[in-house]
Every structure is written in structure tokens, then in C-alpha cells.
Amino acid sequence: MRKKILATVLGATICLGSMTGCAGFKREIVDMKSDWNGGMNRVITVYTADGKKIAEYKGKIDIDTNDGGYVKFDYKGKRYIYYNCFVESIAEID
């Protein structure tokens with residue numbers, strides 16, 4: 001019985017250890033930190049379809065992901081929703 005418990009603990013430790021070296025796992029950790037802290041420090045730039053800059057936002061922002069052809073985020077007490085445009089988001093990850 002003791003050997004089975006030891007084998008299970010050892011197997012779980014190896015699995016978790018191998019996951020922490022994986023880039024996908026690290027991205028998932030960054031995503032969880034962003035969710036817990038209300039966003040990440042970002043620079044969001046919004047462009048029209050022909051490449052003209054519409055707006056730029058800097059600060060702690062949490063972007064809503066979706067498949068609806070729009071981007072949505074809250075910034076300084078206001079909700080922004082942009083439809084049919086291109087959005088560049090550059091985030092600082094520590």
C-alpha cells in the first residue's frame with residue numbers, strides 16, 4: 001500500500017514538474033494572474049481596416065475574448081467595444 005502511494009505521489013510530481021517547463025503552461029499561469037488581478041498592464045491600439053489609428057489606451061486592462069468580431073474591455077470606469085477593426089494589444093508579463 002505504501003509503495004502505491006509513493007508511486008502515485010512521485011508520478012504526480014513528475015507530471016507537474018514537466019508541465020512547468022512547457023510554454024503553454026506558463027501562458028496559462030499568466031492568464032490566471034491577469035484574471036485574478038483585474039487585467040495586465042497593456043498598450044491597446046485600435047486601427048481601422050485600412051490601417052488608420054483610431055485610439056490608444058495604456059494601463060491595467062482586461063480584454064474580453066470572443067468569436068463575435070469585436071473586442072471589449074473596461075478602462076477607467078468605461079466600457080469600450082470596437083466592431084470590425086484591428087486591435088493590437090501589447091502586455092507586460094513579469
Side-chain angles (χ1 to χ4, degrees):
M1 181 67 172
R2 192 169 195 195
K3 288 182 182 180
K4 287 182 182 180
I5 293 173
L6 182 60
T8 302
V9 169
L10 183 60
T13 302
I14 290 171
C15 286
L16 287 174
S18 66
M19 287 174 54
T20 57
C22 150
F25 183 74
K26 290 179 182 177
R27 281 191 295 273
E28 196 63 37
I29 295 296
V30 170
D31 289 344
M32 285 190 292
K33 285 181 182 177
S34 174
D35 289 342
W36 294 334
N37 295 324
M40 295 171 35
N41 284 321
R42 303 177 190 264
V43 176
I44 297 177
T45 309
V46 184
Y47 299 95
T48 62
D50 60 353
K52 294 178 185 169
K53 186 196 281 191
I54 298 173
E56 184 174 86
Y57 305 92
K58 296 178 183 180
K60 193 171 192 177
I61 304 170
D62 187 26
I63 298 176
D64 182 30
T65 58
N66 64 73
D67 293 328
Y70 66 92
V71 64
K72 175 172 69 172
F73 58 91
D74 297 335
Y75 180 70
K76 293 188 176 181
K78 294 183 180 179
R79 170 149 301 167
Y80 293 85
I81 303 174
Y82 285 97
Y83 296 93
N84 303 320
C85 61
F86 295 95
V87 176
E88 176 185 55
S89 173
I90 302 172
E92 295 176 14
I93 54 175
D94 300 335

Colleague: For the atom pair OG1 (Thr48) and CG (Asn84), what is the distance rounded to the nearest 0.5 Å?
Modeller: 11.5 Å
Colleague: Treat each ILVMFWY residue as a node, draw an edge where side-chain heavy atoms are under 4.5 Å apart, and state whether Phe86 and Ile44 are in one component.
Modeller: no
Colleague: Give a yes or no on this: more than 12 heavy atoms of other residues, nucleotides or ligands lie within 6.0 Å of atom CG of Asp50.
Modeller: yes
Colleague: According to a 4.5 Å side-chain heavy-atom criterion applied to Ile, Leu, Val, Met, Phe, Trp and Tyr, with indirect links allowed, do Tyr70 and Phe73 form part of one hydrophobic cluster?
Modeller: no
Colleague: Relative to the ring of Tyr82, is the ring of Tyr80 parallel (under 30°), tilted (30 to 60°) or perpendicular (over 60°)?
Modeller: parallel
Colleague: Return the CD1 to OG distance between Ile63 and Ser89, rounded to the nearest 0.5 Å.
Modeller: 3.5 Å
Colleague: Can you tell me how far CZ of Arg42 sits from NZ of Lys58, rounded to the nearest 0.5 angstrom?
Modeller: 15.5 Å
Colleague: Looking at Glu88 and Tyr47, what are the two nearest heavy atoms and their distance?
Modeller: OE1-OH, 3.7 Å
Colleague: Any heavy-atom pair between the side chains of Asp74 and Asp62 that's under 4.5 Å?
Modeller: no
Colleague: Can you name the nearest heavy-atom pair linking Ile61 to Tyr57, along with the distance?
Modeller: CD1-CB, 3.9 Å
